[in-house]
Amino acid sequence: MRYRFSLRGRGDLTEWRDAARAFLMAGIVPEYIEWRTMDDADGLFGFDENHLPPPHPDCEPMTVSPAFIRLAQAVLCHSDPTRFALLYRMLFRMMHGGVIHGRHLLQMATDPDVVGASRMAKSVGRDYHKMTAFVRFKELPLKEGTAGRRRFISWFEPDHFIIARVAPFFQRRFTDMDWLILTPKGSASWDGETLRTTDEPAEKPDLRDETDELWRTYYASIFNPARLKVKMMTTEMPKKYWKNLPEAELIPGLIANAEANVIEMARKAASEPLPFHHRIQEAAARAPVEPMPIAGTLAALKQEARHCTRCDIHCLATQTVFGDGPPDAKVMFVGEQPGDQEDLAGKPFVGPAGKLFNDVIGEAGIDRRSLYITNAVKHFKYEPRGKRRIHQKPNMGEVRQCRWWLTQELELVRPKLVVAMGATALFALTDMRQKLEDVRGEPIAMEEGRMLFVTVHPSYLLRIPDEGRKAEELARFREDMNRIKRLAA
């Protein structure tokens with residue numbers, strides 16, 4: 001028996017997952033299912049055809065990996081009508097393909113289905129990135145006789161159904177204002193309390209106003225014809241987005257006149273000083289000059305890390321929180337990442353976990369001023385909830401990106417003993433993903449004669465709800481600190 005199943009097809013994982021689970025439990029092969037959406041050109045969309053088969057009596061409970069769920073969430077946002085059949089085919093193969101071609105399907109990088117799904121996921125990711133880059137808000141006037149938060153509106157034309165996926169980014173980025181984003185594939189709005197999304201297509205509003213001329217003036221003033229690279233420019237800002245950017249109408253003329261403008265710039269070079277040139281020079285002469293740190297030192301590395309953009313965490317963090325301590329410390333402590341208070345203060349371990357850490361090492365007779373203390377990740381990763389910033393664990397990719405800084409710190413400090421506090425620090429230092437309990441408390445030999453000692457992160461102790469167990473774990477942590485003092489002697 002063949003089945004035809006209709007979906008709204010707006011990037012919702014739940015509607016496809018529920019149907020796919022029912023078909024899978026009934027043992028229906030992919031070739032017997034025709035997936036349809038409300039965008040099908042022949043107009044045959046209809047939920048009245050959605051009849052799911054009963055489960056097969058011999059069906060077994062099924063589970064899929066988190067990696068497949070993440071992939072499916074991205075692929076379902078794609079506008080390709082074959083995405084539902086592709087995902088169900090992969091799901092069927094994972095359940096019935098055995099160990100090699102089933103459970104490990106996602107690891108087969110050359111498999112046609114995996115390649116196709118990965119390509120769709122990457123396309124959705126690019127669409128997400130372009131939307132965060134090219135959404136242009138216009139301010140709406142407040143209603144007469146009212147006062148309150150400023151209101152903004154924008155129009156964007158994505159390739160895929162990404163509005164629900166990208167809306168939380170704008171909520172985090174522009175949480176202090178009310179806004180509405182309209183697209184042909186759905187809309188999103190934020191009123192300071194509730195983030196709302198809809199998959200209903202919107203009509204393009206007329207957003208032309210006096211700020212368009214300001215954008216054109218600004219863009220013309222920053223355009224440098226001597227550094228023009230047309231291919232790179234159109235890669236970063238594809239032509240399909242130009243129609244909604246007021247400054248884009250200047251681009252053809254700026255490109256056409258670029259060579260002549262470069263010649264004119266060269267002719268005028270250094271012909272006369274800029275207005276107020278002498279005042280600028282006098283002010284610069286009076287300003288104190290900060291000495292540049294010596295290259296190859298911790299101070300120079302810290303200065304360089306202030307501008308780190310190796311991963312996306314830096315976008316929301318207040319500042320880079322670099323390591324702190326003497327450059328010749330015998331012992332280096334490595335934590336996970338800075339917390340809320342560390343992010344604001346710019347120093348590691350100054351919050352609640354840092355206070356507990358200070359108390360315990362003080363009881364063990366360890367002077368914090370003799371230690372070099374740092375983190376595996378140098379920026380604070382968090383999720384905003386109202387006025388609070390809730391800690392989020394960095395993923396393995398972010399830890400690997402930040403490992404470059406940690407490696408430089410190890411090479412410059414050259415500690416005798418390195419203490420990994422928590423699983424993230426252990427992974428950053430060794431690539432090990434073992435249970436912390438399996439390696440805790442026993443010295444491990446490292447390169448260049450160093451010793452590694454593994455213990456828990458102080459924040460773990462603060463999160464234990466049971467007071468009895470918390471006291472036991474705190475006693476173990478004190479034992480670890482006493483052991484560290486003996487190893488460092």
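Position 1 is the first residue of the sequence; numbering continues from there.
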Is the closest side-chain heavy-atom distance between Tyr128 and Thr132 below 4.5 Å?
yes
Examine distances only and state if a side-chain atom of Asp127 and a backbone atom of His160 form a donor-acceptor pair shorter than 3.5 Å.
yes
Are Asp18 and Arg21 within salt-bridge range, i.e. N to O under 4.0 Å?
yes
Output yes when a side-chain donor or acceptor of Asn375 lies under 3.5 Å from a complementary backbone atom of Val377, and no otherwise.
no
Sidechain-backbone polar pair: Arg89 side chain, Pro30 backbone, donor-acceptor under 3.5 Å
no
With the threshold set at 4.0 Å, does a side-chain nitrogen-carboxylate oxygen contact exist between Arg126 and Asp159?
no
May I ask you to decide if Pro246's main-chain N or O and Tyr219's side chain share a donor-acceptor pair within less than 3.5 Å?
no
Would Glu200 and Arg8 count as a salt bridge (Lys or Arg N to Asp or Glu O under 4.0 Å) if you check the C-alpha gap in whole Å, the side-chain angles of each, and the deciding distance to 0.1 Å?
CA-CA 10 Å; Glu200 295 297 330; Arg8 286 187 62 81; 3.0 Å; yes
Salt bridge (charged side-chain N to carboxylate O under 4.0 Å, His left out) partners of residues 340-357, not counting sequence neighbours, each pair once:
Asp340-Arg389, Asp343-Arg389, Lys355-Asp359
Around atom NZ of Lys138, are there more than 12 heavy atoms of other residues, nucleotides or ligands at under 6.0 Å?
yes
Please list, chain by chain and in numerical order, all residues satisfying side chain to side chain contact (heavy atoms under 4.5 Å, CB included) with Ala353, sequence neighbours excluded.
His457, Pro458, Ser459, Leu462
With salt bridge (charged side-chain N to carboxylate O under 4.0 Å, His left out) as the rule and sequence neighbours excluded, what pairs involving residues 168-183 come up?
Arg149-Asp178
Check whether Arg2 reaches the backbone of Glu31 with its side chain - one donor and one acceptor, N or O, closer than 3.5 Å.
yes
Any chance NZ of Lys470 has more than 12 other-residue heavy atoms, nucleotides or ligands included, within less than 6.0 Å?
yes
Check Ile313 against Phe380 and note the closest heavy-atom contact, atom names and distance.
CG2-O, 3.5 Å
What distance separates Asp209 CG from Leu207 CG, expressed to the nearest 0.5 Å?
8.0 Å
May I ask you to test the Asp431-Arg403 pair for a side-chain heavy-atom distance under 4.5 Å?
yes
Anything under 30° is parallel, anything over 60° is perpendicular, the rest tilted; go ahead and classify Phe137 against Phe170.
perpendicular
What one should report as the nearest heavy-atom pair of Pro53 and Ala26 is CG-CB, 3.5 Å
Arg400 vs Phe427 side-chain heavy atoms within contact, under 4.5 Å
yes
Tell me, do Asn244 and Phe156 make a side-chain contact under 4.5 Å, heavy atoms counted?
no
Which heavy atom of Ala345 sits nearest a heavy atom of Val350, and at what distance?
CB-CG2, 4.1 Å
Worked verdict on Lys378 versus Val321 for side-chain contact (heavy atoms from CB on, under 4.5 Å)
CA-CA 5 Å; Lys378 311 302 185 192; Val321 181; 5.7 Å; no
Tightest non-hydrogen contact, residues Asp113 and Asp111, listed as N-OD2, 3.0 Å
To check you understand the geometry: which heavy-atom pair defines the closest contact between Thr197 and Ala188, and what is its length?
CG2-CB, 4.0 Å
Here the gap from Leu24 atom CG to Met95 atom CE, rounded to the nearest 0.5 Å, amounts to 6.5 Å
Find the distance between CG (Asp191) and CH2 (Trp179) and round it off to the nearest 0.5 Å.
10.0 Å
Identify the two heavy atoms, one from Leu245 and one from Phe134, that lie closest to each other, and give their separation to 0.1 Å.
CD2-O, 4.0 Å
Does some side-chain heavy atom of Leu87 sit less than 4.5 Å from a side-chain heavy atom of Phe68?
yes
Answer yes or no: is there an ion pair linking Glu249 with Arg216, defined by an N-O contact shorter than 4.0 Å?
yes
Chi angles and distances behind the side-chain contact (heavy atoms from CB on, under 4.5 Å) call for Arg83, Leu86:
CA-CA 5 Å; Arg83 61 195 184 276; Leu86 171 62; 5.6 Å; no
Do side-chain atoms of Ser154 reach the backbone of Val135 as a donor and acceptor pair under 3.5 angstrom?
no
Do Glu398 and His379 meet the criterion of a side-chain donor-acceptor pair at a distance under 3.5 Å?
no
Check against side chain to side chain donor-acceptor pair (under 3.5 Å), Arg70 and Gln73:
CA-CA 5 Å; Arg70 290 192 296 269; Gln73 286 174 325; over 6 Å; no
Does a side-chain N-to-carboxylate-O contact under 4.0 Å join Glu336 and Lys393?
yes
Residue pair Leu356, Leu474: steps toward the side-chain contact (heavy atoms from CB on, under 4.5 Å) verdict:
CA-CA 10 Å; Leu356 176 61; Leu474 186 56; 3.9 Å; yes
Does the side chain of Val114 reach to within under 4.5 Å of the side chain of Met90, using non-hydrogen atoms?
yes
When you measure from the side chain of Thr183 to the backbone of Lys185, do you find a donor-acceptor pair of N or O atoms at a distance under 3.5 Å?
yes
Using 30° and 60° as the class limits, which term best fits the ring planes of Phe5 and Phe23: parallel, tilted or perpendicular?
perpendicular
Any donor and acceptor pair, going by atom type alone, linking the side chain of Ser221 with main-chain N or O of Tyr218 inside 3.5 Å?
yes
So Leu105 and Met108, side-chain contact (heavy atoms from CB on, under 4.5 Å) or not? Walk me through it.
CA-CA 5 Å; Leu105 176 63; Met108 301 170 64; 4.2 Å; yes
Aromatic ring centroids of Phe333 and Phe357 under 6.0 Å?
yes
Is there a donor-acceptor pair under 3.5 Å between the side chain of Thr217 and the backbone N or O of Glu213?
yes
Any ion pair linking Asp206 and Arg208 (charged N to carboxylate O, less than 4.0 Å)?
yes
In this structure, OG of Ser187 is separated from CG of Leu182 (nearest 0.5 Å) by 4.5 Å
How long is the gap from OG1 on Thr37 to CZ on Phe84, to the nearest 0.5 Å?
6.0 Å
Tell me, do Asp199 and Phe161 make a side-chain contact under 4.5 Å, heavy atoms counted?
no
Side chain Arg196, main chain Trp190, donor-acceptor under 3.5 Å
no
Heavy-atom count around Phe169 CZ within 6.0 Å, excluding the residue itself: above 12?
yes
Separation of Leu461 CG from Phe477 CZ (nearest 0.5 Å):
6.0 Å
Taking C-beta and beyond as the side chain, do Val64 and Ile69 meet within less than 4.5 Å on heavy atoms?
yes
